[in-house]
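Step one of this worksheet: look at the structure below.
Chain identifiers are assigned alphabetically (A, B, ...) following the order of the sequence lines, protein sequences preceding nucleic acid strands; residue numbering begins at 1 within each chain. It should be emphasised that the depicted structure is a prediction, and the values quoted were computed from it without experimental measurement.
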There are 2 protein chains.
Amino acid sequence: MNISEAAKLSGLSVKTVRYYADIKMVEPARNIQSGYRSYTNDDVAKLNFIGKARRFNFSIEECRELLSLYQDENRSSKEVKKLTLAKIASIDEKLKEFHSLRDELSHLVNCCNGDDRPSCPILDELSK
Amino acid sequence: MNISEAAKLSGLSVKTVRYYADIKMVEPARNIQSGYRSYTNDDVAKLNFIGKARRFNFSIEECRELLSLYQDENRSSKEVKKLTLAKIASIDEKLKEFHSLRDELSHLVNCCNGDDRPSCPILDELSK
DNA sequence: CTTTACATTCCAGTCACTGGAGACTTTATA
DNA sequence: TATAAAGTCTCCAGTGACTGGAATGTAAAG
């Protein structure tokens, strides 16, 4: 199938699918006459896989690793679990950061009158 | 003072301070002989302000707005509060996303044996 | 006078795409 | 069959907020 069909089936944009070909993540065959990329169902399955992994916040390089594990008959689930645990840990870090950020900001908002006068504890805090 | 002094006082890197000059956020005077950037205490205060706002996850463009409010004698705290509430809302969105991501991933991890066999519910989920 | 430290500009790279130009191929319509 | 429209190709540039590095120039210390 052509690239737009593969894109539709995998829920990715044509641009993104072409990008994944460029970076050698999913390299389809080529139609010799037209030069068009020609995707198989297997290629689409890989695109799907990557799309999901990306939505799970895995980076492109992590997706590459997961994809090669996915295609490896002799993989051990241990390796996959390790990657996933590391990802959870990094998400936890971000969660912590954003939580404390949120708390500080909402504290500041509560202190701010939000009226027409210039006095503003938010700006005061930022300039300390 | 020279750029490295300003950087040290504001807790930013020299590269970053120069970058803020390039994008016309904090534009210092210049020493005519040497061409070196020459920072005042006021410039450093602005750099400080921006550094803090960036740590609060405000974008460069938002920092620009906050900075102009900061320097505006006739500002109303209402405007600052509005920006801050919008920022909180966007942080809340990210928090929601990351929370559900985390939950899904840790669910998958709990289902995965993590042993030497290839069977892996994490990869199964990603390929669905 | 030389070494060293600091400063300058400019270019490239990061990450994961996205947009657009210009050219080619295929498909649909008149 | 001619033409128009849709799809595809490659290549280049831009995003955000810096960061790294090269080549060059200036200032301070020994």
Among [options], find the nucleotide with the atom closest to the side chain of [X].
| X | options | answer |
| --- | --- | --- |
| B/Tyr19 | D/dC9, D/dT8, D/dA17 | D/dA17 |
| A/Ser13 | C/dT18, C/dC17, C/dT8 | C/dT18 |
| A/Ser34 | C/dT26, D/dA17, C/dT8 | C/dT26 |
| A/Thr16 | C/dC17, C/dC6, C/dA16 | C/dC17 |
| A/Ile3 | C/dT26, D/dT26, D/dC9 | D/dC9 |
| A/Ser4 | C/dA16, D/dG7, C/dT8 | D/dG7 |
| B/Arg54 | D/dC18, C/dA16, C/dT26 | D/dC18 |
| B/Lys15 | C/dT9, D/dG21, C/dA7 | D/dG21 |
| B/Gln33 | C/dT18, C/dT8, D/dA27 | D/dA27 |
| A/Tyr36 | C/dT8, C/dT26, D/dA17 | C/dT26 |

Rounding to an integer number of Å, can you tell me how far [X] [atom1] sits from [N] [atom2]?
| X | N | atom1 | atom2 | answer |
| --- | --- | --- | --- | --- |
| B/Glu5 | C/dC6 | CD | P | 11 Å |
| B/Ile50 | D/dC18 | CD1 | C1' | 14 Å |
| A/Ile32 | C/dT25 | CD1 | P | 15 Å |
| A/Arg55 | C/dC17 | CZ | C1' | 15 Å |
| B/Lys8 | C/dA7 | NZ | P | 10 Å |
| A/Asn2 | D/dA6 | CG | C1' | 12 Å |
| B/Asp22 | C/dT8 | CG | P | 10 Å |
| B/Leu12 | D/dT19 | CG | C1' | 14 Å |

Next on the checklist: If we count only N and O atoms by modelled type, under 3.5 Å, do the side chains of A/Glu79 and A/Ser76 hold a donor and an acceptor together?
Outcome noted: yes
Checklist entry - Side chains of A/Thr40 and A/Asp43: do they bring a donor and an acceptor to under 3.5 Å? => result yes
Is the shortest side-chain N/O distance from [X] to OP1 or OP2 of [N] below 4.0 Å?
| X | N | answer |
| --- | --- | --- |
| B/Arg18 | C/dT8 | yes |
| A/Tyr20 | C/dC17 | yes |
| B/Arg37 | D/dT26 | no |
| B/Arg30 | C/dT9 | yes |

Checklist entry - Any donor-acceptor pair under 3.5 Å linking the side chain of B/Arg37 with the backbone of B/Ile3? => result no
Next on the checklist: Quick check on DNA chain D: between B/Phe58 and B/Asn31, whose nearest nucleotide comes earlier from the 5' end?
Outcome noted: B/Phe58
Item to check | Stepwise side chain to side chain contact (heavy atoms under 4.5 Å, CB included) test for B/Ser38 and B/Met1 | outcome: CA-CA 5 Å; B/Ser38 179; B/Met1 71 193 81; over 6 Å; no
Next on the checklist: Using the rule that Ile, Leu, Val, Met, Phe, Trp and Tyr join whenever any side-chain heavy atoms are under 4.5 Å apart, tell me whether A/Val14 and A/Tyr36 fall into a single cluster.
Outcome noted: no
Next on the checklist: Between A/Glu125 and A/Lys128, does any NZ, NE, NH1 or NH2 come within less than 4.0 Å of an OD or OE carboxylate oxygen?
Outcome noted: yes
